[in-house]
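What follows is a short report on a single structure.
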Amino acid sequence: MKACVFTLGCKMNEVESASLMSGLEELGYQTTDIPEYADVYLINTCAVTAEAEKKSRQAIARLRKFNQTAPVIVFGCAAEHSKSDFEARDGVLFVFGAQAKDRVLAQFKAGLSARVDHLHCSDEIFCELPDPKRIKTRAFVRIQDGCNHFCSYCIIPYLRGRTRSRSSESILAEARSCGAKEIVLTGIDISSYRSGGDGLGGLLKKLGALDLRVRLGSVEAGLITREFLRQAKEAGNVAPHFHLSLQSGSNAVLKAMNRNYTREEYLEKCALVYEYFPDAAVTTDIIVGFPSETEADFIESLSIIGSAKFAHVHCFPYSPRKGTVAYRMKDLPAEVKRERMGRILKVAGDAEETYLARFAGRTLTALFEEDGGYTENYIRVYSEGAREGELARVRLVKRERDGFFAERIEV
């Protein structure tokens with residue numbers, strides 16, 4: 001029997017799908033994540049935007065074209081948000097929400113003829129799943145789920161539930177056995193991680209005993225303190241790459257977004273990162289055209305890119321999401337968003353070039369994948385003869401595509 005697990009949305013969804021694929025293989029299924037003929041289809045849905053939820057619904061018909069008699073199991077955030085809509089779709093056998101992913105494997109274990117109603121996961125208990133099926137050199141390790149922030153534009157806390165953390169013992173066991181040379185700590189809000197007396201910094205110190213590189217997923221500005229950075233530095237294997245979520249450079253917009261920091265506080269956090277990790281790549285997200293954003297507010301977002309010395313900025317236009325506080329606010333015209341996107345992409349591109357220029361001729365360590373690799377500070381590199389899975393010292397020779405051509409240094 002063949003199961004196709006199709007995933008939409010975030011890295012957390014990808015990791016959870018890989019876990020379910022691992023569990024299905026233990027039950028004797030052949031698995032694939034490529035849309036193709038299968039005996040059963042599982043769709044891990046996304047609801048971060050209305051468009052993502054629409055694509056989640058469309059995935060049902062798209063997959064059933066390969067086998068019109070195969071049952072479909074739908075789960076994840078969009079399934080949590082619009083359960084009845086998915087249940088009404090042709091071919092859908094079961095619908096499980098974002099907080100019931102453990103039910104998917106339980107259902108397969110019990111058989112697909114009768115519904116499993118027991119629930120182990122909740123918005124208070126971290127949902128343990130099998131270790132993910134490893135399909136890449138870099139391993140993504142779930143350490144946390146849920147969110148307590150309730151940003152005014154975001155629906156995820158309503159779907160994923162409150163923050164809860166995986167035990168450090170379970171994380172360490174997966175990290176030891178995954179076979180990867182780099183792990184990425186993944187969650188919805190890993191800044192809120194807590195297990196026993198350990199916060200995220202304490203977890204990093206424990207992971208420092210392992211012979212692998214540790215990379216952080218997205219973190220919040222409030223996490224960045226001298227104590228945390230000291231713990232990260234002392235761990236010895238934490239990559240100097242901090243994706244520090246921003247969303248806007250304007251204090252007025254940050255307040256309307258319910259982001260609990262100011263522009264000035266955010267810049268102080270960036271400066272603190274550079275104090276402990278001088279070569280760090282600080283990357284971020286910026287939403288363009290939030291409903292209350294004026295031209296003056298937007299200029300503040302433009303100017304903070306240079307002030308923060310970002311290595312990369314992911315910019316995207318605001319998209320209204322029903323069910324959020326911001327949905328009740330008057331949206332800006334589409335042409336205003338388009339014009340501002342064009343301007344901010346230019347500034348973000350210039351900042352990235354400035355950051356990359358610092359490393360021309362430098363020697364760093366790169367982990368190579370199928371097509372190129374990434375240095376510790378997440379600079380993309382390409383090198384002739386590099387093997388997938390190789391961790392090598394490289395000299396950055398010249399700019400190429402989205403990074404550098406690099407010479408491998410024999411050691």
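Just so you know, these numbers use all the heavy atoms, side chains as well, and skip hydrogens, waters and symmetry mates. What you see is a predicted model, and the numbers here were worked out from it, not measured in a lab.
In this model, a donor atom of one side chain and an acceptor atom of the other lie less than 3.5 Å apart for N251 and E264. Side-chain contact annotation: H149 with N258, donor-acceptor N/O pair under 3.5 Å absent. Checked by atom type, the side-chain pair S17/N44 shows a donor-acceptor distance below 3.5 Å. T354 and E352 form no side-chain donor-acceptor contact under 3.5 Å, judged by distance and modelled atom types alone. Checking S56 against T45 by side-chain atom types alone, no donor-acceptor pair falls below 3.5 Å.
The backbone N or O of V184 sits less than 3.5 Å from a side-chain atom of T186, completing a donor-acceptor pair. Of the possible donor and acceptor atoms, none in the side chain of N377 sits under 3.5 Å from a partner among the backbone N and O of A280. Remark: side-chain polar atoms of T7 are not paired, donor with acceptor, to backbone N or O of N13 under 3.5 angstrom. With hydrogens and angles disregarded, a donor-acceptor distance shorter than 3.5 Å links the side chain of S383 to the backbone of A406.
Atom CD1 of I73 and atom CG of L42 lie 5.0 Å apart (nearest 0.5 Å). Residue I156 holds its CD1 atom at 10.5 Å from CD of E80, rounded to the nearest 0.5 Å. We find the CG-CG distance between L24 and L105 to be 5.5 Å, quoted to the nearest 0.5 Å. Once rounded to the nearest 0.5 Å, the distance linking CG of L112 with CD of Q107 reads 6.0 Å. Rounded to the nearest 0.5 Å, atoms CG (L185) and CG (L207) are 6.0 Å apart. Note that CD of Q144 and CD1 of I171 are 10.0 Å apart. Values are rounded to the nearest 0.5 Å.
Here the closest heavy-atom approach between residue Y382 and residue G372 is recorded as CD2-CA, 4.1 Å. Summarising the geometry of T137 relative to G389, their closest heavy-atom pair is CG2-CA, 3.6 Å, with the distance given to 0.1 Å. Shown here for V253 and E293, the closest heavy-atom pair between the two residues is CG2-CA, 4.0 Å. Counting all heavy atoms, side chain and backbone alike, S22 lies closest to P132 at CB-C, 4.0 Å.
K233 forms a cation-pi arrangement with F277, by the criterion of a distance under 6.0 Å to the ring centre and an angle within 45° of the ring axis. Note that K337 lies outside the cation-pi zone of Y318, set by a 6.0 Å cut-off to the ring centre and a 45° limit from the axis. Annotation: cation-pi geometry not satisfied between R399 and F405 (NZ/CZ under 6.0 angstrom from ring centroid, within 45° of ring axis).
By the 4.5 Å heavy-atom criterion applied to side chains, L210 and L172 are counted as neighbours. Proximity of Q247 to I286: side-chain heavy atoms (C-beta onward) are nowhere separated by under 4.5 Å. Using a 4.5 Å heavy-atom cutoff, the side chains of Y41 and N67 are in contact. Using a 4.5 Å heavy-atom cutoff, the side chains of L244 and F310 are not in contact.
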Assess whether ring pair (Phe, Tyr, Trp, His ring centres under 6.0 Å) is satisfied between F75 and F94, documenting all intermediate values. CA-CA 8 Å; F75 59 101; F94 299 113; over 10 Å; no
Run E53 and R321 through salt bridge (Lys or Arg N to Asp or Glu O under 4.0 Å) and show every step you take. CA-CA 10 Å; E53 188 164 327; R321 192 67 179 102; 2.5 Å; yes
Chi angles and distances behind the salt bridge (Lys or Arg N to Asp or Glu O under 4.0 Å) call for R142, E174: CA-CA 10 Å; R142 294 165 66 239; E174 181 179 344; over 6 Å; no
For I224 and Y276: C-alpha separation, side-chain torsions, deciding distance, then whether side-chain contact (heavy atoms from CB on, under 4.5 Å) applies. CA-CA 11 Å; I224 305 300; Y276 282 82; over 6 Å; no
Walk me through it: do H241 and T283 pass the test side-chain hydrogen bond (donor to acceptor under 3.5 Å, both in side chains)? CA-CA 8 Å; H241 172 210; T283 58; 3.3 Å; yes
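Considering L356, L364, V397 as possible partners of F404, the one that fulfils the side chain to side chain contact (heavy atoms under 4.5 Å, CB included) test is L356. When each of R166, R164, R162 is tested with D145 by the rule salt bridge (charged side-chain N to carboxylate O under 4.0 Å, His left out), just one qualifies, namely R164.
The pair D279-R362 meets the salt-bridge criterion, with a side-chain N (NZ, NE, NH1 or NH2) lying under 4.0 Å from an Asp/Glu carboxylate O. Under the 4.0 Å criterion applied to side-chain N and carboxylate O atoms, E376 and R215 are not assigned as salt-bridge partners. Looking at R259 and E220, a side-chain N of the basic residue comes within less than 4.0 Å of a carboxylate O on the acidic one, giving a salt bridge. Salt-bridge formation is not detected for the pair E265/K269: no Lys NZ or Arg NE/NH1/NH2 atom is positioned less than 4.0 Å from an Asp or Glu carboxylate oxygen.
Applying the salt bridge (Lys or Arg N to Asp or Glu O under 4.0 Å) criterion to R226, with sequence neighbours excluded, gives E275.
Ring planes of Y378 and Y374: parallel class, angle under 30° (limits at 30 and 60°). Between Y266 and Y261, the ring planes are tilted. Angles from 30° to 60° get that label.
In this structure, H314 has its ring center under 6.0 Å from that of F316. Between Y327 and Y153, the distance separating the two ring centers is not shorter than 6.0 angstrom.
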Name each donor-acceptor pair under 3.5 Å that joins a side chain in residues 197-206 to protein atoms two or more places apart or in another chain, with its distance.
{"unit_1": "D198", "atom_1": "OD2", "unit_2": "K206", "atom_2": "NZ", "d": "2.7"}
{"unit_1": "K206", "atom_1": "NZ", "unit_2": "S168", "atom_2": "OG", "d": "3.3"}

